[in-house]
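Before any comments, here is the structure.
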Amino acid sequence: MPWDSIRMNSGDSIPSIAFGTWTLGNGQGPIDQVMQALDNGFNHIDTAQVYRNEAEVGTALRETGLSRSDVFITTKYSGTNGLDIDSSIRNSVAYLGVQYVDLYLIHSPRLAVPDIPTVWAKMENIKKAGLARSIGVSNFDEKDLEILLASAKIKPAVNQILLHPYVYRRQLPILEYAAKHGIVIEAYSTLIPITHQLGGPLDAPLNAIASRLRATTDQVLLAWAKAKGAVVVTTSSKETRLQGYLAAGDIGLTQKDIDAIDAAGAIGEKREIAKATLRKLAICGMVGAVVFATCSYFNIRVY
């Protein structure tokens, strides 16, 4: 099972794995890394206005010599420098050196000023003008999507969200709402459980599954996201890892594997919620102690 393309409600298809430029910065580094990704078989590049490396992506695209139709390009309206959507998309296609992007996203519902319907109407005009073949959103929850769809003439093709096993239960309502309305989910930061949260409940099932399948734990996580029907956005500066990510498309998890990952993820999510609650209580306690001490010092009664 390779990383097949997924049909969107716009009628176009999106490659189900993308190389993301979020953490790459700018300069020669991202040019080299995007070229490396393209040379190794990635055909979907995910960038954004706020990443400030759209121009580097454009340089890499030109230097590879690939034709426009060979690469699916996603970028996002991030409200950078206070620019409006119309100015932003025109700047983006100029930086990228293309006449259109394949997918244009609103990076966050916070950018929907004055409101979601007004901003989405502008996105629809961008699609009608031919500057984006498909339009979508990022980090929208089901309530945001409900507001959008109430006035939309064109449905969002995609909702790009944080998705890994430790947040799966929390994000499930978004996945279910998207599925109901034919919106493709894109997953970013899927590898967080092994890059930033090692030592959690997921370690055991990921290691066991990886050992059985002769795979790596990052490949298992990517295969999990794929099994959830999501387009995966990932990145690495290491060529061997990029090759491994592409090979993960051939990994078939059993339902038992998926259930084990989901169960461990739910345990980890509960632990994180408990830790966050304790941190809040600790902060409230410290603030209360400071207030009480201050009042005592100035002989102010607080009861």
Practice item. I would like to know whether N207 and T217 meet side chain to side chain contact (heavy atoms under 4.5 Å, CB included); could you show each step before the answer? Key: CA-CA 6 Å; N207 286 325; T217 52; 3.3 Å; yes
Check your understanding: Do the side chains of F19 and Q33 get nearer than 4.5 Å, heavy atoms only?
Key -> yes
Point to revise | Non-hydrogen side-chain atoms of D144 and V137 separated by less than 4.5 Å | key: no
Point to revise | Shared-cluster residues of L103, by chain and number - hydrophobic side chains joined below 4.5 Å | key: I6, M8, I14, F72, L105, V158, V184, V231
Practice item. Taking all heavy atoms of K128 and all of I154, pick out the closest pair and write down the distance. Key: CE-CD1, 4.5 Å
Study note, to complete from the structure: What one should report as the nearest heavy-atom pair of T118 and D115 is OG1-OD1, 2.6 Å
Review point. Minimum heavy-atom separation for S236 to L242, with atom names?
Key: O-CD2, 3.7 Å
Check your understanding: So, the side chain of N125 versus the backbone of K122: is there a donor-acceptor pair under 3.5 Å, distance only?
Key -> no
Practice item. Indicate yes or no: at least one non-hydrogen side-chain atom of L175 is less than 4.5 angstrom from one of L163. Key: yes
Review point. Do K180 and E142 come within less than 4.5 Å of each other through their side chains, counting heavy atoms only?
Key: no
Check your understanding: Considering only heavy atoms from C-beta outward, does the side chain of V167 approach that of I192 to under 4.5 Å?
Key -> no
Practice item. Flag yes if V101 and I85 sit in one hydrophobic cluster, no otherwise; membership is Ile, Leu, Val, Met, Phe, Trp, Tyr, and two members link when side-chain heavy atoms are under 4.5 Å apart. Key: yes
Point to revise | Interatomic distance, I135 atom CD1 to I106 atom CD1 [nearest 0.5 angstrom] | key: 8.0 Å
Point to revise | Residue pairs involving residues 146-155 (criterion side-chain hydrogen bond (donor to acceptor under 3.5 Å, both in side chains); sequence neighbours excluded) | key: none
**Study point:** Side chain N139, main chain P109, donor-acceptor under 3.5 Å
**Key:** no
Review point. Above 12 or not: heavy atoms from other molecules or residues under 6.0 Å from CZ of R90?
Key: no
Point to revise | Stepwise side chain to side chain contact (heavy atoms under 4.5 Å, CB included) check, I185 with Q171 | key: CA-CA 11 Å; I185 289 292; Q171 301 289 62; over 6 Å; no
**Study point:** CG-CH2 distance between L246 and W3, expressed to the nearest 0.5 angstrom
**Key:** 8.5 Å
**Study point:** Between T80 and S78: side-chain donor-acceptor atoms closer than 3.5 Å
**Key:** no
Review point. How many angstroms lie between CG in L111 and CD1 in I116, if you round to the nearest 0.5 Å?
Key: 10.5 Å
Check your understanding: Got Y245 and L191 here, is their nearest side-chain heavy-atom distance under 4.5 Å?
Key -> yes
Review point. Is a side-chain donor or acceptor of R133 paired with a backbone partner of S10 at a separation under 3.5 angstrom?
Key: no
Revision key, fill the gap. When every non-hydrogen atom of G265 is compared with those of Y166, the smallest separation belongs to O-CD2, 3.5 Å
Check your understanding: Hey, what do you get for CH2 (W22) to CG (N53), rounding to the nearest 0.5 Å?
Key -> 12.5 Å
Check your understanding: Quick check: are there more than 12 heavy atoms from other residues, nucleotides or ligands sitting under 6.0 Å from NZ of K143?
Key -> no
Check your understanding: When you look at H164 and S189, which way does the side-chain hydrogen bond (donor to acceptor under 3.5 Å, both in side chains) test go after all the steps?
Key -> CA-CA 7 Å; H164 56 76; S189 297; over 6 Å; no
Exercise for review: Check whether any side-chain N or O of S92 sits under 3.5 Å from a backbone N or O of S88 as a donor-acceptor pair, and report yes or no.
Suggested key: yes
Check your understanding: Between S13 and R7, what is the shortest heavy-atom contact and its length?
Key -> OG-CD, 3.7 Å
Review point. Is the backbone of D4 close enough, under 3.5 Å, to the side chain of S16 for a donor and an acceptor to pair up by distance?
Key: yes
Review point. For G27, does its backbone N or O pair with a side-chain atom of E56 as donor and acceptor, under 3.5 Å?
Key: yes
Review point. Does some side-chain heavy atom of I89 sit less than 4.5 Å from a side-chain heavy atom of V93?
Key: yes
Review point. Going by heavy atoms in the side chains, are D102 and D12 under 4.5 Å from each other?
Key: no
Study note, to complete from the structure: To the nearest 0.5 Å, atom CD of Q219 lies from atom CD1 of I251 at 4.0 Å
Review point. Roughly how far, to the nearest 0.5 Å, is CZ of F140 from CZ of R110?
Key: 10.5 Å
Check your understanding: When clusters are formed by joining ILVMFWY residues with side-chain heavy atoms under 4.5 Å apart, either directly or through shared neighbours, do L162 and L172 land in the same one?
Key -> no
Review point. Should the pair H181 and Y177 be assigned to parallel (<30°), tilted (30 to 60°) or perpendicular (>60°) ring geometry?
Key: tilted
Exercise for review: Evaluate the criterion side chain to side chain contact (heavy atoms under 4.5 Å, CB included) for residue pair E269 and Y168; output intermediate values, then yes/no.
Suggested key: CA-CA 9 Å; E269 184 173 10; Y168 174 66; 5.9 Å; no
Practice item. Using the side chain to side chain contact (heavy atoms under 4.5 Å, CB included) rule, take V34 and T59 through it: C-alpha gap first, then chi angles, then the decisive distance, then the call. Key: CA-CA 9 Å; V34 171; T59 299; over 6 Å; no
Practice item. Taking T64 for its side chain and M35 for its backbone only, find out whether a donor-acceptor pair lies under 3.5 Å. Key: no
Exercise for review: Taking D46 for its side chain and V233 for its backbone only, find out whether a donor-acceptor pair lies under 3.5 Å.
Suggested key: no
Review point. Can you list the steps and then say if N40 with Q243 is a side-chain hydrogen bond (donor to acceptor under 3.5 Å, both in side chains)?
Key: CA-CA 7 Å; N40 277 277; Q243 293 168 348; 2.9 Å; yes
Revision key, fill the gap. P156 and L148 have their tightest heavy-atom pair at CD-CD2, 3.5 Å
Review point. Does a donor on one side chain and an acceptor on the other come within less than 3.5 Å for T47 and E54?
Key: no
**Study point:** Polar side-chain atom of W224 near backbone of D262 as donor-acceptor pair, under 3.5 Å
**Key:** no
Practice item. Give a yes or no answer on whether the side chain of E124 reaches the backbone of A152 with a donor-acceptor pair at less than 3.5 Å. Key: no
Point to revise | Under 3.5 Å side-chain donor-acceptor pair for Q255 and D259 | key: yes
